[in-house]
Amino acid sequence: MRSVDDLEVLGRRVLLRSDLNVPLDLTGTGEITDDGRIRASLPVISKLSDRGARVIILAHLGRPKGDSFAERAAGGPSLRPVAERLGDLLGRPVAFATDVVGESASKTVFSLGDEDVAVLENVRFEPAETSKDDAERGAFAQQLARFGELYVDDAFGAVHRKHASVYDLPALLPHAAGDLVRNELSVLRQLTSDPARPFVVVLGGKKPSDKLAVIEKLLDLADRILIGGGMGYTFLAAQGYEVGNSVLEADQIPAVKAVMEEAKRRGVELVLPVDLVAATHFAPDAEHSVVPVTAFPADREGVDAGPQTRALFAEKLADAKTVFWNGPVGVFEFPAFAAGTRAVAEAVARVDGLTVVGGGDSAAAVRVLGLDEGAFGHISTGGGASLEYLEGKTLPGLTALEDGS
Ligand code: ADP
Ligand code: MG
């Protein structure tokens with residue numbers, strides 16, 4: 001896999017795939033709630049520009065719906081505010097094209113001078129970007145390829161996607177992996193090759209179906225797995241506990257039971273919540289109280305880990321020498337329900353060893369809750385990508401970078 005340093009970029013148009021998929025305010029104001037991914041993308045953008053490249057940034061934002069560019073663009077979200085924030089952080093003007101392969105993009109790209117930076121509109125406004133049809137994606141990649149002489153992938157958070165800008169485009173241009181992608185991979189390799197023990201994993205987030213495959217794999221690696229957040233309720237339900245209106249994937253209960261059996265067989269300690277914060281409904285100001293998992297009210301919804309669980313998780317992290325944390329253990333976006341995630345983050349930050357925070361929302365939580373990013377060994381920009389790497393899957397975006405020139 002070549003690095004940016006191996007490319008002759010002076011005066012050349014470089015198509016740079018970045019991960020600028022920042023979280024936007026949940027209430028729909030469109031405000032960027034955490035610009036960590038933009039900041040993580042800056043070093044390679046600056047490096048390319050400083051070396052005289054004409055930098056054309058391709059990135060996605062959210063999951064726009066619709067059958068055409070027009071439909072998707074009408075529904076948003078547009079990358080324009082992200083491009084503006086990028087310009088502020090970069091301290092230099094950033095041009096913005098209002099389409100991806102249309103007239104605006106063409107005009108923007110071909111009027112760039114050396115060191116200039118441009119962002120094209122949300123690449124997922126083009127339905128072909130995410131198409132399952134190879135020919136459709138290929139044709140779109142051809143259109144993108146006209147704009148560049150070189151391709152750099154620095155979008156670690158998207159390398160697990162078989163998408164045109166990640167998978168098909170590098171096959172058409174001389175390519176390299178960006179520094180962010182290379183750093184992320186080197187940390188993940190450390191986690192999978194002889195990690196210092198005990199190796200403690202904390203998993204949270206919304207749904208177990210997203211993460212069961214990685215748990216199975218983590219049973220090979222970890223000594224202890226703490227499970228909380230939304231996915232914890234399916235584990236509690238599998239043990240026969242009432243979980244009220246909490247997020248539950250009932251169809252995953254058999255798979256969860258199998259994982260619990262397997263953990264026992266292999267001597268991997270699985271730690272579940274012992275108390276929870278139960279709210280009347282999903283809202284920032286919902287009435288709520290702490291309940292033991294043995295007495296969860298049928299008409300309430302679990303939104304955070306309770307105080308005993310916070311203490312238990314902190315204790316189970318205290319002796320760790322390696323930690324991988326993915327997924328908030330509560331609805332941290334609502335300040336009233338952020339205590340569990342804060343407790344986990346603080347306990348991880350105290351660990352003396354390699355600590356990796358993987359996951360867009362977990363990384364955002366660290367920053368939104370005001371924790372010192374420097375206290376963590378590595379804060380990954382890619383949730384799904386790190387999980388799939390740990391599962392041992394082949395990641396299309398990485399395969400594409402390994403191939404050929
Ligand atoms: P990451 O992006 O770090 O991989 P996920 O995307 O899997 O994490 O999950 C993050 C989401 O999980 C957050 O938006 C958070 O609000 C949600 N979540 C955590 N606990 C709960 C819960 N008890 N009920 C509903 N959602 C939850
Ligand atoms: Mg997420």
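Computation of the quantities below employed the complete heavy-atom set of this structure, encompassing side-chain atoms and omitting hydrogens, waters and symmetry-equivalent molecules. Both ligands and their constituent atoms are indexed starting at 1 by order of listing.
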In sequence, state the C-alpha distance, the side-chain angles, and the governing distance for R189 and Y389, and then conclude on side-chain contact (heavy atoms from CB on, under 4.5 Å). CA-CA 9 Å; R189 270 188 222 113; Y389 181 93; 3.2 Å; yes
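Within the 4.5 Å cutoff, no side-chain heavy atoms of V344 are placed close to those of T341.
Electrostatic pairing of R224 and D319 counts as a salt bridge here, judged by a charged N lying under 4.0 Å from a carboxylate O. A salt bridge between R266 and D220 is present, with a side-chain N of the basic residue lying under 4.0 Å from a carboxylate O of the acidic one. Taking the charged nitrogens against the carboxylate oxygens, D116 and R92 have no contact shorter than 4.0 Å, which rules out a salt bridge. Using a cutoff of 4.0 Å between basic side-chain nitrogens and carboxylate oxygens, R137 and E129 are not scored as salt-bridged. A salt bridge is defined here as a Lys NZ or Arg NE, NH1 or NH2 lying under 4.0 Å from an Asp or Glu carboxylate O, and D153 with R17 fails to meet this definition.
Any N or O atom pair closer than 3.5 Å counts here, and D361 shares at least one such pair with ligand 1. Note: an N/O pair closer than 3.5 Å links G302 and ligand 1 by distance alone.
Of the protein's non-hydrogen atoms, P328 CD, 3.6 Å is the one closest to atom 8 (O) of ligand 1. The protein non-hydrogen atom at the shortest distance from atom 3 (O) of ligand 1 is S362 OG, 2.5 Å. Protein heavy atom at the shortest distance from atom 21 (C) of ligand 1 is G230 N, 3.4 Å. For atom 25 (C) of ligand 1, the closest heavy atom belonging to the protein is V331 CG2, 3.7 Å. In this structure, the protein non-hydrogen atom closest to atom 9 (O) of ligand 1 is G205 CA, 3.2 Å. Looking from atom 19 (C) of ligand 1 to the surrounding protein, the closest heavy atom is G330 O, 3.2 Å.
Residue Y233 places a heavy atom under 4.0 Å from ligand 1. Remark: distances from the non-hydrogen atoms of N326 to ligand 1 include one below 4.0 Å. The shortest heavy-atom distance from K211 to ligand 1 is under 4.0 Å.
Taking every non-hydrogen atom of G229 and a distance limit under 4.0 Å, the qualifying atoms of ligand 1 come out as 20 (N), 23 (N). Numbered from 1 in the order shown, with element, the atoms of ligand 1 that lie under 4.0 Å from a heavy atom of G327 read 3 (O), 8 (O).
Counting non-hydrogen atoms of neighbouring residues, nucleotides and ligands closer than 6.0 angstrom, the CG atom of D352 reaches no more than 12 such neighbours.
If you look at E333 next to ligand 1, the close heavy atoms, those under 4.0 Å, all belong to the side chain.
The atom of D361 that is an N, O or S and sits closest to the Mg ion (ligand 2) is OD2.
A donor-acceptor contact closer than 3.5 angstrom links the side chains of R300 and S289.
Remark: aromatic rings of Y233 and Y241 are distant, center separation not under 6.0 Å.
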